[in-house]
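Let me begin by presenting the structure, written as structure tokens, before commenting on it.
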Number of protein chains: 2
Amino acid sequence: MATMTNPARRRLKPDERRAAMLDAAGDVLLKDGIGALTLRHLALQLGVAPGLVNHYFPEIEALVAEAFARIAEGEVATLFAAATGISETVAPDPGAPDPVAQIARLVTDLLDPQRRPVSLLWLDAWQASRNRPRLRAAVIAAMDLWQDRLCALITDGGFAAPDPAAAATRILALIDGLSIQAVMDEPGVQGPDKTGHAILRGMVIDGVERELGIRLGLV
Amino acid sequence: MATMTNPARRRLKPDERRAAMLDAAGDVLLKDGIGALTLRHLALQLGVAPGLVNHYFPEIEALVAEAFARIAEGEVATLFAAATGISETVAPDPGAPDPVAQIARLVTDLLDPQRRPVSLLWLDAWQASRNRPRLRAAVIAAMDLWQDRLCALITDGGFAAPDPAAAATRILALIDGLSIQAVMDEPGVQGPDKTGHAILRGMVIDGVERELGIRLGLV
DNA sequence: GCGCTTGTTGTCCACTTGATCAACAGGCTT
DNA sequence: AAGCCTGTTGATCAAGTGGACAACAAGCGC
């Protein structure tokens, strides 16, 4: 529904069209992966001629990189906003949950099964960025963003982590690694689903608690 | 040139040719990734007509899956043999290195920068297996193999891990996640190389020690 | 209202992929 | 040494890719 074939092929302003393309590209990325983000596929989704995509994005790679960056940065913003409380107020009032609750919320949201498409996209991006410099730059930037934000959360929280940056890196690595296992285990309905959601969740929680020297109040 | 008639274009027996193809396919996988394992590329490497590859592997996917399985299983066998085999350290009893040394050796080998191509292949395989059932099966089997072997090592070692299986999963996830960061950070010469080999190594060691309640004698 | 800028179209190109197949020839059997 | 089984060839197919292009037309300024 984000991109229904436009029966009335309007003539949009450049930035409108460009934005529409980025939106559609994001949908394609999350739904079908980087490999499916082709000129014709995107044009079809937009109800538009293939050449038009090329007109706005002379190089497909730029489109991929930009669409990925959009999704990744949006995710970071959303998740950290939810964890730290929507208000950006500097005052430590009711608006600011206690540090442990912030971490707990962040971990909970990160492990939400609905985030699965994003995990798949990350996996896709890591691999595809091998041969695509612009995408690689976007991926590295997004990873650094995650690292910085989480590190700040840990530092500000005053946890008993000797090296907040290293703790953040390890936590993210743990989540990434376990997400891969979850991704691999899921769609194949064969097997006992060894790394089901609950177990995966428990593992991340254990790791985080061990890393930060706290007890998250999570089940 | 393209098919410079192999000076020695011998006529091999079916199983010889098949084995040669799997070997060459493995080389391609480690050197250029799954995406480079095409009929023509492989045929060129072998000095053989493209159709011949298709003759032995009617579906390319089967070739990919089999070549990957070969590499992955070979790696597991090699690394665990080195870890549990005749001790190269100062362990007094030749036949059985002490458990901590086994883990230390395994971790050391796993973090060897020379293993980088294998990390890239794994990353590639995780992503590519999304649309390739046979490769997916091989990947899952290899992951299970890693899990089982490491879990056995932990269990037999009698470490203070409440849940050996979970500990193994978390350790592998940590290594995978950190390997991804290493892979992403390396080739781009920009930046201060935040997750350089030494730092990465330290993080894995810390994580393993925390997971198993031991001190590896590693620097 | 007309005219022109420019968003948009649809087709075309060169290239790569996996796969097929008749024809060729290597080398073991007789 | 002859003959045949079969490993091997190389041309060819259809599909799909990113990219380039002249021509069309929508909508704004005059």
Side-chain angles (χ1 to χ4, degrees), chain A residues 3 5-25 28-29 32-67 124 127-128 131-135, chain B residues 1-25 28-29 32-67 124 127-128 130-135:
Chain A
T3 58
T5 47
N6 197 345
R9 68 175 209 228
R10 296 193 316 150
R11 173 194 173 110
L12 300 181
K13 289 179 182 175
D15 40 348
E16 287 175 340
R17 180 63 77 191
R18 196 185 149 84
M21 283 186 177
L22 280 175
D23 284 343
V28 172
L29 284 187
D32 304 308
I34 293 178
L37 185 45
T38 66
L39 284 180
R40 288 163 184 77
H41 188 188
L42 185 58
L44 189 62
Q45 277 232 347
L46 286 165
V48 139
L52 190 58
V53 177
N54 219 284
H55 176 65
Y56 283 95
F57 296 91
E59 292 181 0
I60 276 286
E61 192 192 329
L63 173 60
V64 175
E66 200 165 337
D124 212 338
Q127 151 55 22
N131 300 321
R132 309 196 202 188
R134 311 184 70 136
L135 176 60
Chain B
M1 207 93 54
T3 57
M4 57 182 195
T5 42
N6 199 337
R9 109 180 174 210
R10 299 190 317 152
R11 174 194 173 110
L12 300 181
K13 291 180 181 174
D15 40 348
E16 287 175 340
R17 180 62 79 190
R18 198 184 146 86
M21 282 186 177
L22 279 175
D23 284 343
V28 171
L29 284 187
D32 304 309
I34 294 178
L37 186 45
T38 66
L39 284 180
R40 289 165 183 75
H41 188 187
L42 185 59
L44 188 63
Q45 274 230 344
L46 287 166
V48 140
L52 189 59
V53 177
N54 222 282
H55 175 67
Y56 283 95
F57 296 91
E59 292 180 358
I60 275 287
E61 192 192 330
L63 174 59
V64 175
E66 200 165 337
D124 212 338
Q127 151 55 22
R130 203 173 154 186
N131 301 320
R132 311 197 200 187
R134 312 184 70 137
L135 177 59

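It should be emphasised that the depicted structure is a prediction, and the values quoted were computed from it without experimental measurement. A, B, ... follow the sequence lines: proteins, then strands. Residue 1 opens every chain.
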For this session: Rounded to the nearest angstrom, tell me the gap between atom CG in A:L42 and atom P in C:dT8.
Result: 13 Å
For this session: Under 4.0 Å between any heavy atoms, over every strand shown, what does A:F57 touch: base, sugar-phosphate, or nothing? Just pick one.
Result: nothing
Exercise. Over how many whole Å does the gap from A:R18 atom CZ to C:dT8 atom P extend?
Worked result: 14 Å
Exercise. Which residue lies toward the 5' end of DNA chain C, B:G35 or B:L12, if each is placed at its nearest nucleotide?
Worked result: B:G35
Exercise. What is the distance, rounded to the nearest whole Å, between atom NE2 of A:H55 and atom C1' of C:dT11?
Worked result: 17 Å
Problem set entry | Atom-pair distance (NE2 on B:H41; P on C:dT17), nearest Å | 9 Å
Exercise. Which pair of non-hydrogen atoms, one from B:A24 and one from B:L42, has the smallest distance, and what is that distance?
Worked result: CB-CD1, 3.6 Å
Problem set entry | Whole angstrom value for the distance that separates P of C:dC28 from NZ of B:K13 | 7 Å
Problem set entry | A:L44 CG - C:dG10 P separation (whole Å) | 12 Å
Seminar exercise, completed: Of the listed C:dT17, C:dA19, D:dG10, the closest approach to the B:A49 side chain comes from D:dG10
Seminar exercise, completed: Of A:E61 and B:G51, the one whose nearest nucleotide on DNA chain D sits closer to the 5' end is B:G51
For this session: Identify whether any heavy atom of B:P58 sits under 4.0 Å from a base atom; if not, whether one sits that close to sugar-phosphate; answer base, sugar-phosphate or nothing.
Result: sugar-phosphate
For this session: Rounded off to whole Å, could you give me the CG-to-C1' distance for the A:L63 and D:dT17 pair?
Result: 15 Å
For this session: Can you establish whether the number of heavy atoms outside A:R134 located under 6.0 Å from its atom CZ is more than 12?
Result: no
Exercise. For B:I60, which contact category applies under a 4.0 Å heavy-atom criterion: base, sugar-phosphate, or nothing?
Worked result: sugar-phosphate
Problem set entry | OP1 or OP2 of D:dG7 under 4.0 Å from side-chain N/O of B:Y56 | no
Exercise. If you take atom types as modelled and just measure distance, does the side chain of B:R40 reach the base of C:dG18 with a donor-acceptor pair under 3.5 Å?
Worked result: yes
Problem set entry | Between D:dT8 (C1') and B:L46 (CG): distance, integer Å | 13 Å
Seminar exercise, completed: Nearest heavy-atom contact between A:D32 and A:H41 is OD2-CE1, 3.6 Å
For this session: Taking all heavy atoms of B:I34 and all of B:A128, pick out the closest pair and write down the distance.
Result: CD1-CB, 4.0 Å
For this session: Please tell me which of the listed nucleotides, C:dG18, C:dT8, C:dA19, lies nearest to the side chain of A:L52?
Result: C:dT8
For this session: For residues B:L63 and B:L22, determine if any side-chain heavy atom of one lies less than 4.5 Å from a side-chain heavy atom of the other.
Result: yes
For this session: Would you indicate, yes or no, if C:dT8 has its OP1 or OP2 atom less than 4.0 angstrom from a side-chain nitrogen or oxygen of A:R17?
Result: yes
